[in-house]
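First up is the structure itself, then whatever we jot down about it.
Atoms within each ligand, like the ligands themselves, are counted from 1 in listed order. For clarity, every value in this text was computed on a predicted model and none was experimentally measured.
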Amino acid sequence: MNSDSYHLVCPICGTRFDDAYQLTCPSRCNALIRAEYSARQLTIRDLPGMFRYSDWLPVKGHLATKSAPICYQSSGLANELGLNNLWIAFAGYWPERQAYVTSGSFKEFEALPTMVRLAERAKGVILVASAGNTGRAFAEVSSKIAKPVIIVVPAKARERIWTSTPAEHILLVTVDGDYTDAINLGNQLCTLPGIYPEGGAKNIARRDGMGTMMLEGAMTIRHLPDWYIQAVGSGTGGIAAWEASMRLVADGRFGSDLPRLLLIQNDPFTPMVHAFQEGRRDITLDDIKNPEDAISKVHADVLTNRAPPYGISGGVYDALVATNGIMTTATTDEAIKAGDLFRKTEGIDLDPAAAVCVGGLINAVKSGVIKSDEKILLAITGGGYERIQRELSMHIHAPDFEVDQNTDNEELMNSVREWVSRYV
Ligand SMILES: Cc1ncc(COP(=O)(O)O)c(C=O)c1O
């Protein structure tokens, strides 16, 4: 890949520009900027792991990794649900199926190209605010390539930040609060020089990295699926699936219809479901009543983003409208039962978020939304933790700072500034 293999483009004003690790349109349009790749047809490259999809990743180089999505046709769960064309895109650790995502979730597909993009396009330290899985994915990549990362997580998620090899370039900050508090502190730290936000959905590397789930699915099925099903918190994976499928349609070899998105939230935390079912582009406070109470009742707290990229141009709302998509829910009870069923029928344990996804699929089959012959790509976004625990080392990273009401903010900012100065 040479440096001209993609440009950035704003979907509102159409401005095309070179990549200098921007996260927004230079004309300040309220839109998710996109990468426009010069390769119209996808060629699978002889590169490690997910970098085989480098034609449609915003990177020039690659990293040595075995991490990549895998896809196979289900028989166990498919039979159980009476589905004839169920395909599973799996992100996690499952060596028998050549799945080697050692941090256990599809967040690693975001972290890998994001770290490469930053190193190629800017000089600085990346900061990730996370409910756990994203932070662990960036920690894992940092530990493998010895590049720095600052991770901010809620204190109760601190045990989730482990790596399969010892990590020496991580600054871990825990916050006495929830995911939103971690995001707010992260934003504050990003005002320091040399720190770059990973940008969430705004980062093309994160979206196009996640889009490899759809690419792997279409390559395996040899066609675009009729449905792409995923549990969402920010919905970035849904946006990524839509964008990847637009590229696959333009490729010409995978069919001409965009897969419909079926995106699932964990009842009772369902702001995007409320807004979309009422046809609204905006999430209002009424969609997130008693957030603390709702968050305490979910099975998968990684799905509890209070400010998802829903209404922004090119965001979740647009992705759903463009694909004739649907949003629905699975309760905690349904998710737990679905996770058990998946383990029994497919043979692997699931991340709670992936169990919510299976619960949503079951509900959609029961309600008749999904028909038995339709081609379904089920995004199993995390799993195999039991194998990881048994077979890999898990180095838990102790927090470098534990922030609570008594923390002296200036002291924290100074210490972080000092740490960053070692790298920039
Ligand atoms: C395992 C897993 N699945 C699904 C999601 C939802 O991802 P998103 O809404 O960003 O696409 C997350 C978010 O952290 C996750 O960790």
*Report yes if some N/O of Q230 lies less than 3.5 Å from some N/O of ligand 1; otherwise report no.*
yes
Between the side chains of [X] and [Y], does any donor sit under 3.5 Å from an acceptor?
X: Y6; Y: D19; result: yes
X: T102; Y: E140; result: yes
X: Y310; Y: D282; result: no

Counting heavy atoms only, which part of [X] comes closer than 4.0 Å to ligand 1: side chain, backbone, both or neither?
X: D351; value: side chain
X: L303; value: side chain
X: N133; value: side chain

What protein heavy atom lies closest to [atom]? Include the residue and the distance to one decimal.
atom: atom 12 (C) of ligand 1; value: K107 CE, 3.6 Å
atom: atom 11 (O) of ligand 1; value: G237 N, 2.7 Å
atom: atom 3 (N) of ligand 1; value: T381 OG1, 2.6 Å
atom: atom 10 (O) of ligand 1; value: S234 OG, 2.5 Å

Flag side-chain contact, heavy atom, 4.5 Å: [X] against [Y]:
X: M219; Y: I44; answer: yes
X: P225; Y: M214; answer: yes
X: I380; Y: V358; answer: yes

*Measure the acute angle between the ring planes of Y72 and W94, then classify it against the limits of 30° and 60° as parallel, tilted or perpendicular.*
perpendicular
*When you measure from atom 9 (O) of ligand 1 to each heavy atom in A379, A231, G233, which option holds the nearest one?*
G233
*Go through ligand 1 atom by atom and flag the ones less than 4.0 Å from a non-hydrogen atom of A353.*
1 (C), 2 (C), 3 (N), 4 (C)
*Within 6.0 angstrom of K147 NZ, more than 12 heavy atoms from elsewhere*: no
*State if G235 counts as touching ligand 1 under the rule of any non-hydrogen atom under 4.0 Å.*
yes
